[in-house]
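Note that this is a predicted model, so its numbers are computed, not measured.
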Amino acid sequence: MNVICFGDSNTYGYDPRGYFGGRYGADCRWVDILTEETGWTISNMGQNGREIPSAAPAFPDDTDLLIVMLGTNDLLQGRSPKQAAERLERFLAGISLDRSKLLLIAPPPMAMGEWVPNPQLIEDSRTFAQLCQALAERLSIRFADAGKWDIPLAYDGVHFTEQGHKAFAAGLLEELK
């Protein structure tokens with residue numbers, strides 16, 4: 001299977017312990033764990049700081065599964081959950097792949113930390129997950145809520161720890177069965 005994982009720094013595998021955009025080792029990144037466990041050909045299109053794009057890129061026609069997890073950076077930049085969900089809907093509607101090939105994942109809720117100084121962001125991230133689920137139902141695409149996978153987050157309240165990546169991979173593998 002040809003799979004594309006399109007997301008932000010948690011898809012990229014960003015290691016928040018460094019200051020220069022470093023990554024966790026391949027043995028700890030959820031995308032690489034997914035590759036190892038399934039044997040699929042997986043492209044990691046995660047990018048640090050990525051907000052929901054205003055337009056979808058052209059994904060290859062031979063893509064069997066497109067996994068999308070975005071929205072955290074939009075909330076961190078001051079968008080409301082509703083604004084982020086509207087942006088996500090425009091993005092997803094612009095993807096030319098068959099809807100059966102899409103999996104939308106709601107990011108796990110944020111936690112108090114260096115990047116999350118107030119409880120409102122945590123509440124917004126929970127609301128955004130609910131809006132993602134409603135959006136997936138409206139667009140008839142698969143949905144998973146990573147908030148149900150008990151993902152440990154780093155000191156910043158946003159990025160997965162190494163254990164968080166492993167927990168995310170386990171939750172996603174269960175979802176894909």
Side-chain angles (χ1 to χ4, degrees), residues 3-17 21 23-25 27-35 37 42 44-53 65-89 91-92 102-137 141-177:
V3 179
I4 295 174
C5 299
F6 191 84
D8 56 25
S9 53
N10 278 324
T11 299
Y12 173 76
Y14 175 75
D15 182 348
R17 298 172 300 186
R23 298 170 93 179
Y24 289 120
D27 59 328
C28 295
R29 296 189 300 251
W30 72 261
V31 174
D32 295 287
I33 294 169
L34 191 61
T35 302
E37 293 291 322
I42 302 181
N44 185 334
M45 291 184 69
Q47 180 182 311
N48 291 342
R50 176 179 277 146
E51 294 173 41
I52 300 164
L65 178 63
L66 173 64
I67 299 171
V68 175
M69 182 173 66
L70 291 165
T72 300
N73 288 310
D74 297 81
L75 299 175
L76 289 170
Q77 292 302 318
R79 286 192 183 88
S80 71
K82 185 175 183 289
Q83 289 169 323
E86 288 167 352
R87 197 173 168 113
L88 184 59
E89 183 166 12
F91 172 77
L92 292 170
L102 269 59
L103 170 60
L104 175 62
I105 300 178
M110 295 180 224
M112 293 300 289
E114 286 289 315
W115 290 24
V116 186
N118 65 61
Q120 185 60 52
L121 275 169
I122 299 168
E123 189 55 40
D124 285 353
S125 63
R126 292 184 194 285
T127 301
F128 180 69
Q130 295 167 347
L131 294 172
C132 284
Q133 183 169 5
L135 174 60
E137 289 169 8
I141 59 178
R142 289 175 67 182
F143 173 77
D145 184 353
K148 296 180 176 167
W149 300 341
D150 197 25
I151 311 293
L153 299 176
Y155 71 92
D156 59 17
V158 173
H159 293 103
F160 302 173
T161 61
E162 290 171 308
Q163 277 309 112
H165 275 272
K166 291 173 182 173
F168 186 94
L172 182 54
L173 284 164
E174 192 61 35
E175 180 67 36
L176 293 173
K177 279 186 180 172

* Structure fact -> Closest heavy-atom pair, E162 versus C28, reported as atoms and distance to 0.1 Å, is OE2-SG, 3.6 Å

* Asked: R23 and D15: which non-hydrogen atoms are nearest, and at how many Å?
  -> C-CB, 3.8 Å

* Asked: Between CZ of R29 and CG of L34, what distance do you get to the nearest 0.5 Å?
  -> 13.0 Å

* Minimum-distance pair of heavy atoms, taken over all atoms of A84 and L75 -> CB-CD2, 4.3 Å

* Structure fact -> L153 meets the side chain to side chain contact (heavy atoms under 4.5 Å, CB included) criterion, sequence neighbours left out, with A111, I151, F160

* Whether N10 side chain and V158 backbone form a donor-acceptor pair below 3.5 Å -> yes

* Within residues 147-159 or reaching into it, pairs that qualify as salt bridge (Lys or Arg N to Asp or Glu O under 4.0 Å) - sequence neighbours excluded -> none

* Asked: Any sub-3.5 Å donor-acceptor pair from S125's side-chain atoms to M110's backbone N or O?
  -> yes

* To do: List for me each residue that meets side chain to side chain contact (heavy atoms under 4.5 Å, CB included) alongside S9, sequence neighbours excluded, and say none if there are none.
  => Y14, N48, H159

* List the steps and the verdict of side chain to side chain contact (heavy atoms under 4.5 Å, CB included) for L102 and V68. => CA-CA 8 Å; L102 269 59; V68 175; 5.6 Å; no

* Asked: Is atom CD of Q83 surrounded by more than 12 heavy atoms (other residues, nucleotides or ligands) closer than 6.0 Å?
  -> yes

* Identify the two heavy atoms, one from M112 and one from N118, that lie closest to each other, and give their separation to 0.1 Å. => SD-C, 3.7 Å

Pair up each side-chain donor or acceptor in residues 130-137 with any protein partner under 3.5 Å, not counting sequence neighbours, and list the distances.
none

* Structure fact -> Contacts of E51 meeting side chain to side chain contact (heavy atoms under 4.5 Å, CB included) (sequence neighbours excluded), chain-then-number -> N73, D74, Q77, R79

* What distance separates Y12 OH from Y24 OH, expressed to the nearest 0.5 Å? -> 13.0 Å

* Asked: Roughly how far, to the nearest 0.5 Å, is the CG atom of D32 from the CG atom of N44?
  -> 6.5 Å

* Would you check if P108 and W149 make a side-chain contact, meaning some heavy-atom pair closer than 4.5 Å? => no

* **Minimum heavy-atom distance between L70 and F128, given as atom pair plus value** => O-CE2, 3.3 Å

Show the atom names and distances, to 0.1 Å, of all donor-acceptor pairs under 3.5 Å that link a side chain in residues 163-177 to residues at least two apart or in another chain.
| unit_1 | atom_1 | unit_2 | atom_2 | d |
| --- | --- | --- | --- | --- |
| H165 | ND1 | W30 | N | 3.1 |
| E174 | OE1 | K177 | NZ | 3.2 |

* Ignoring hydrogens and angles, tell me if any N or O in the side chain of R87 forms a donor-acceptor pair with the backbone of I52 under 3.5 Å. => yes

* Structure fact -> To the nearest 0.5 Å, atom OG of S80 lies from atom CD of Q120 at 10.5 Å

* To do: Please report the closest heavy-atom contact between L88 and L104, naming both atoms and the distance.
  => CD2-CD1, 3.8 Å

* Quick one: do F6 and R50 satisfy side chain to side chain contact (heavy atoms under 4.5 Å, CB included)? Show the steps, please. => CA-CA 10 Å; F6 191 84; R50 176 179 277 146; 3.5 Å; yes

